[in-house]
Amino acid sequence: MSFLGLCLTLAMVLIAGAILAVAWRLLAGPSSADRVIATDMLGLLAIALAALVAGLTGQQAFLDVALGIAVFGFLAAIAFACLLERTSATQEGPR
Amino acid sequence: MISDFLGGVLILAGAAIIAVAALGLLRLPDPFTRMHAATKAGVLGAGLTMLGVGIALGSIPAVMTGVAGMVFLLATSPLASHALGRAAYISGAPLAPATFTDALAGVLPRNVIDITPGRVVRRSATAAEPRLTAPDAVSPIPFGSGASPMMASTARALAGTAPAPLPMRSITAWLVGGPHQSHATAFALSVGRDTGAAVTGFSAIDSGAADPSGPVPIGGAAWSHWCNDARRQRQRDHAIAALSDFERQAGTNSVGMRHLEDGFDRLIAVAGSSDLTILPALVDSMGEPARFDHEIADRVSLASATPVVRVRHVPQGITQALVIVADTPRCGHLGVAVTRLGLWRDVDFHLLPLGAADGVATVRARETAALMQQHGYTATVLAAHPPALDVWQAQRLVQGYPLVVMARLSNRRGVLAMMRTDLHEIATDQAPLILLP
């Protein structure tokens, strides 16, 4: 196995472990803010995963997929933040 | 070849940084620190991975895509993390117990506490008007208007009807945690249902009790800070568990909730303006198991003028109640507390004077019994007992009473209180419900 292949495989294993940890945080919470942050982090992990797949397969298109996930991850983070703010505002009312 | 090497190193570095970020997301104590880990280390890791793969692929477009991805991530992550942190603060995500200053307090609106998403906070302001127990219970004066109180009560006594009790309007349930908390919550909600009173759950972080009174702070300030942090964390956990249990038990009933971060003493003052305060047994103000002389029930009952019910568990049905009348001044309020509450109207109250056969306690017991009878209660005075009973006798006296009315959990403090011989203390150990005026 070449050095690059070794690096890619090792990186895949690391990312897989990270996904497990973040998924646990997503399920466990405890607050909804934690879940939103975990979702955001999952988006970042998906970017890394898509980039690694591009490296493993040699298909450059997966890098564009990673770029697309990055754009959507940013929009999703902003939208989730707005949702979190707004739902808590309607629940409790402004002070 | 050099691009393979460079790309591999970048990929490995990026993956390692992402793994550290995920570890931080897993291990850090509150959403804000977790947000730091996710949006700084996470973004750097993902960007490095993209750049490394671009370099490893070798073609110019791949490298440019990788660079563009990294630049885009670095440009957007400050915005995303700012929005997430702000939203987390507003939604009321709990701060880590090591937090000492909240610079945003009063700047941004903040929810009270937010643990499960999608839960609906019911506020007491929007609650339906509590129904009244009796049609003529609107008047704040118990004996009607017009005629003098004595005349009215005599007339009612002659007519054979009990005077209408004062309507109970507000009940405070303290949510401190501990093994008896869910019983106390259930009792508070059932009393609220029976009387139509509005039930408000209170919980507060008792920062006043954060002095290092437990373990000696060996090792200096860091250790004592650590102790305080751990204690506050446990206190928050207790409060959260008790709050969610309160919500679950309340179901669709409308209840109010208040949580204060720093206002234990202020909350005692607020609780003093309700009709009844309900507390769990055997915990202190921080939700830790406590002996009777550090119990929150004792502290609150001494600090506020409202009657306090200390709940160990909810008895099946209350038919008999024991009123322990000693010769301390506070025992003079026992009868007033019972009659003002208006609960337990068909319970047989047995008044037990502690003292000489014709002493202060006996006279006071007779007066209290007379007051309760005038209010339509059944009250009988038992034979007087000396204040120092032996343990078996005391246990026999208290046994079988689901409700005990007395002035304090114990009249003694210090080392001697370890030996439980006083009737108050036996009752504290045994009775499921204790009413402290």
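The structure displayed is predicted, hence computed values, not measured ones. In the text below, chain A, chain B and the rest are named by the order of the sequence lines, each starting its count at 1.
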Legend entry - Pairwise distance OH(Tyr89(B)) to CG(Leu84(A)) - rounded to 0.5 angstrom: 14.0 Å

Legend entry - Between Ala77(A), Cys82(A), Ala70(A), the one whose heavy-atom pairs under 4.5 Å with chain B are most numerous: Ala70(A)

Legend entry - Pairwise side chain to side chain donor-acceptor pair (under 3.5 Å) hits with a residue in residues 14-37 of chain B, at least two apart: Asp34(A)-Arg34(B), Asp30(B)-Thr33(B)

Legend entry - Leu56(A) versus chain B, the contacting section by heavy-atom distance below 4.5 Å: neither

Legend entry - Region of Ile15(A) that comes under 4.5 Å of a non-hydrogen atom in chain B: side chain

Legend entry - 4.5 Å side-chain heavy-atom contact, Leu14(A) and Ile18(B): no

Inset, instruction - Give a yes-or-no answer on whether the side chains of Asp237(B) and Gln233(B) include a donor-acceptor pair shorter than 3.5 Å. - result: yes

Inset, instruction - Could you have a look at Gly7(B), Ala15(B), Ala37(B), Ala88(B) and say which one has the most heavy-atom pairs with chain A under 4.5 angstrom? - result: Ala15(B)

Legend entry - Option in Val22(A), Val36(A), Leu75(A) with maximal non-hydrogen atom pairs under 4.5 Å from chain B: Val22(A)

Legend entry - Pick from Ala62(B), Ser81(B), Ala68(B) with the largest number of heavy-atom pairs that fall under 4.5 Å of chain A: Ala62(B)

Inset, instruction - Spell out, as yes or no, whether a donor-acceptor pair under 3.5 Å connects the side chain of Glu85(A) to the backbone of Ile90(B). - result: no

Inset, instruction - Please flag which part of Val20(B) lies under 4.5 Å from any non-hydrogen atom of chain A: side chain, backbone, both or neither. - result: neither

Legend entry - Ion pair check, Asp245(B) and Arg248(B), cut-off under 4.0 Å: yes

Legend entry - Structural part of Leu73(B) lying under 4.5 Å from a heavy atom of chain A: side chain

Inset, instruction - Would you mind telling me which of Val9(B), Thr49(B), Thr76(B), Thr39(B) has the largest number of heavy-atom pairs within less than 4.5 Å of chain A? - result: Thr76(B)

Inset, instruction - For Phe5(B), enumerate each residue passing the ring pair (Phe, Tyr, Trp, His ring centres under 6.0 Å) test, keeping only those at least two apart in sequence or located in another chain. - result: Phe3(A)

Inset, instruction - Considering only heavy atoms and a distance below 4.5 Å, find which of Met35(B), His82(B), Met70(B) pairs most often with chain A. - result: Met35(B)

Legend entry - Leu57(B), part contacting chain A, at a heavy-atom distance under 4.5 Å: side chain

Inset, instruction - Give, as side chain, backbone, both or neither, the part of Ala21(B) having an atom under 4.5 angstrom from any heavy atom of chain A. - result: both

Inset, instruction - Heavy atoms only, distances under 4.5 angstrom: which of Gly42(B), Gly69(B), Ser59(B) has the most pairs with chain A? Name it, please. - result: Gly42(B)

Legend entry - Pairwise side-chain contact, His238(B) with Val176(B), heavy-atom cut-off 4.5 Å (strictly under): no

Inset, instruction - Please look at Val71(A) and chain B and tell me whether the side chain, the backbone, both or neither of the residue comes under 4.5 angstrom of a heavy atom of that chain. - result: both

Legend entry - Phe62(A) CZ to Ile69(A) CD1 distance, which is reported to the nearest 0.5 Å: 10.0 Å

Legend entry - Pairs of heavy atoms under 4.5 Å with chain B: top-ranked of Asp40(A), Leu67(A), Leu63(A): Leu63(A)

Legend entry - Within-4.5 Å side-chain heavy-atom neighbours: Leu49(A) and Met12(A): yes

Inset, instruction - Measure distances from Leu48(B) to the heavy atoms of chain A and classify the residue's part below 4.5 Å as side chain, backbone, both or neither. - result: neither

